[in-house]
Amino acid sequence: MARPKIALIGAGQIGGTLAHLAALKELGDVVLFDIAEGTPEGKALDIAESGPAEGFDAALKGTQDYADIAGADVCIVTAGVPRKPGMSRDDLLGINLKVMKAVGEGIKANAPDAFVICITNPLDAMVWALQKFSGMPAEKVCGMAGVLDSARFRHFLSLEFGVSMKDVSAFVLGGHGDTMVPCVRYSTVAGVPLPDLIEMGWTTQDKIDSIVQRTRDGGAEIVGLLKTGSAFYAPATSAIEMAEAYLKDQKRVLPCAAYCDGDLGVKQMYVGVPTVIGAGGIERIMNIKLNKDEQKMFDTSVKAVKGLVDACKEIDSSLA
Ligand code: A3D
């Protein structure tokens with residue numbers, strides 16, 4: 001049986017890391033596509049040359065030709081521009097919307113059966129536009145943000161409690177921006193919810209509040225440190241977790257930007273929700289119950305995403 005084919009649209013910081021991880025994990029053969037001549041070819045060759053020492057079997061190719069992604073099983077999209085210090089994710093909207101148009105058309109023409117994971121920011125609006133431009137089924141087009149935001153939340157919680165990250169589970173919902181909703185009630189250490197851990201004296205409400213805020217600011221914290229771009233190791237690892245869930249039909253429960261049509265009260269929009277990812281793509285959305293405060297935060301976040309979607313419609317009338 002032929003190996004799966006993984007197409008990476010954008011061969012920048014995240015694209016290169018995705019290619020390396022996909023090869024190391026032997027998820028399939030990798031095609032790196034980018035408009036910057038030499039970049040995808042150079043990264044593909046460099047990673048391929050790490051194969052003998054690492055001992056993986058995967059073919060890597062760099063290209064500027066969409067025809068090379070033909071028949072891809074998974075497409076991960078990072079094409080566009082990242083943030084610089086002082087920029088919000090929303091500042092990227094105009095430039096990256098044009099990129100989504102080209103990418104959506106390229107994927108539709110060459111890999112219409114692929115599972116598409118968008119990472120380009122502003123995430124929830126870009127994945128919405130990508131699905132529209134590509135015309136692909138909504139359950140096969142999703143966005144990576146929740147896995148990353150939840151991983152950041154889990155990391156900070158594991159530091160606070162001095163326990164393994166493996167035993168910390170957490171959910172972050174809503175749009176991938178300042179209004180994201182880290183769900184304290186649904187986050188646990190080995191099944192024990194955070195409010196119980198506060199009662200047990202393991203931490204305090206103030207400490208949890210500051211961890212929630214640090215999670216919301218997680219992307220900006222990295223941008224501020226790097227100064228020349230945004231996070232790439234953790235974003236790439238998170239998207240690979242989603243791609244692997246699809247390729248291996250793992251039925252993983254992962255938060256991601258999925259098309260909601262009434263789910264959690266959201267109508268015809270992409271927003272971060274808990275989903276089940278398997279061979280069917282986004283197979284199910286978990287319609288979890290939110291309490292009054294969580295619902296208020298979630299609604300604010302959905303409203304922020306809607307504002308960005310409306311801005312996309314204003315810029316490109318074909319989306320209206
Ligand atoms: P970067 O290293 O600049 O890579 C982007 C690549 O896209 C560059 O190599 C460009 O040449 C290429 N590109 C530009 N236009 C096109 C096009 N039309 N077709 C194909 N390739 C093109 O950025 P990065 O890899 O650090 O980040 C990529 C995107 O991910 C940015 O929009 C970031 O804001 C976003 N990002 C999202 C998250 C989330 O959690 C959602 C996290 C981190 C970064």
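Predicted model, so just to flag it, every value in this text is computed and none were measured. For ligands, and for the atoms within them, numbers begin at 1 and follow the listed sequence.
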Hey, are Asp299 and Lys303 close enough for a salt bridge, meaning a charged N less than 4.0 Å from a carboxylate O? no
So is Phe33 polar-close to ligand 1, meaning N/O to N/O under 3.5 Å? no
Could you establish whether Thr39 and ligand 1 come within less than 4.0 Å of each other, counting only heavy atoms on the residue side? no
Angle class for the Phe161/Trp202 ring planes (parallel below 30°, perpendicular above 60°, tilted otherwise)? tilted
What part of Asp149, side chain, backbone, both or neither, has a heavy atom within less than 4.0 angstrom of ligand 1? neither
Contact region, Pro235 to ligand 1, non-hydrogen atoms below 4.0 Å, reads side chain
Between Leu123 and ligand 1, which part of the residue brings a heavy atom under 4.0 Å of the ligand: side chain, backbone, both or neither? side chain
Structural part of Leu148 in contact with ligand 1, heavy atom criterion under 4.0 angstrom: side chain
Side chain, backbone, both or neither: the part of Arg89 lying under 4.0 Å from ligand 1 by heavy atom: neither
Tell me whether ligand 1 is touched by Ala102 - counting only heavy atoms on the residue side and a distance under 4.0 Å. no
Looking at ligand 1, does any of its N/O atoms fall within less than 3.5 Å of an N/O of His176? yes
Please confirm whether Gly229 approaches ligand 1 to less than 4.0 Å, judged on its heavy atoms. no
Heavy atoms only, cut-off 4.0 Å: how does Val81 contact ligand 1, side chain, backbone, both, or neither? backbone
Do other residues, nucleotides or ligands put more than 12 heavy atoms under 6.0 Å from the CG atom of Asp91? yes
